[in-house]
Amino acid sequence: VQLQASGGGSVQPGGSLTLSCTVSGLNLDDYAIAWFRSAPGKEREGVSCSSRSAGSTYYADSVKGRFTISRDNPKNMVYLQMNSLKPEDTAVYFCAGTHIIMATMYPPTRRDYYYYWGQGTLVTVSS
């Protein structure tokens, strides 16, 4: 099983980026996928989660209204559209997967629910 995050980069405050998570080795129809981020000196934070069918989504308060998670199960891809980026969004972003049904997770971005993790991609928001 592999999850690979990509699409990071440097952007000015107020800008946008779209991250991609390429998944292989599992049937994405059976997995909830979440995005996490790690900033220097801070604990890894759960940002967003998408249920297996994308029928349900969850966002941390810090990104609600600015970030959108989506997925294309036939293509084994999950995306995170990030708009109105702020300097405090600067972090390494990771995607992670779990077989646990999202509706049973509280909160859906609790780290120990996830057992497949990918390499991260760095997002830097700076003027």
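These numbers come from the heavy atoms of this one structure, side chains and all, not from hydrogens, waters or symmetry mates.
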Side-chain donor or acceptor of [X] paired with backbone N/O of [Y] under 3.5 Å:
{"X": "Ser51", "Y": "Ser56", "value": "yes"}
{"X": "Thr121", "Y": "Ala5", "value": "no"}
{"X": "Arg52", "Y": "Asp30", "value": "yes"}

- prompt: Do you know the tightest heavy-atom contact between Thr109 and Ala34?
  reply: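 So the minimum-distance heavy-atom pair works out to CG2-CB, 4.5 Å.
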Worked check of side-chain contact (heavy atoms from CB on, under 4.5 Å) between Ile100 and Tyr114: CA-CA 8 Å; Ile100 300 172; Tyr114 293 83; over 6 Å; no
message: For Tyr31 and Tyr116, take the angle between the two ring planes, folded into 0 to 90°, and tell me which bin it lands in: parallel under 30, tilted 30 to 60, perpendicular over 60.
response: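 The arrangement is tilted - the two ring planes meet at 30° to 60°.
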message: Clusters formed by hydrophobic residues whose side-chain heavy atoms approach within less than 4.5 Å: which one holds Ile101, and what are its other members?
response: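 None; Ile101 is a cluster of one.
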Residue pair Lys86, Asp89: steps toward the salt bridge (Lys or Arg N to Asp or Glu O under 4.0 Å) verdict: CA-CA 5 Å; Lys86 305 175 181 180; Asp89 295 318; over 6 Å; no
Spacing of Leu19 atom CG and Ser48 atom OG [to the nearest 0.5 Å]: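 Between atom CG of Leu19 and atom OG of Ser48 there are 11.0 Å.
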- prompt: Would you say Gln2 has more than 12 foreign heavy atoms packed within less than 6.0 Å of its CD?
  reply: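 No - once you tally the heavy atoms of other residues, nucleotides and ligands closer than 6.0 Å, there are 12 at most.
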query: More than 12 foreign heavy atoms under 6.0 Å from CD of Gln119: is that the case here?
result: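 At most 12 heavy atoms, drawn from other residues, nucleotides or ligands, come within 6.0 Å of this atom.
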task: With ring-ring contact (aromatic ring centres under 6.0 Å, His included) as the test, would you mind laying out the steps for Phe36 and Trp117 before giving the verdict?
output: CA-CA 10 Å; Phe36 292 80; Trp117 290 83; 4.7 Å; yes
query: With a cut-off of under 6.0 Å to the ring centre and 45° to the axis, is Arg71 in cation-pi contact with Tyr79?
result: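 Checked: cation-pi criterion not met.
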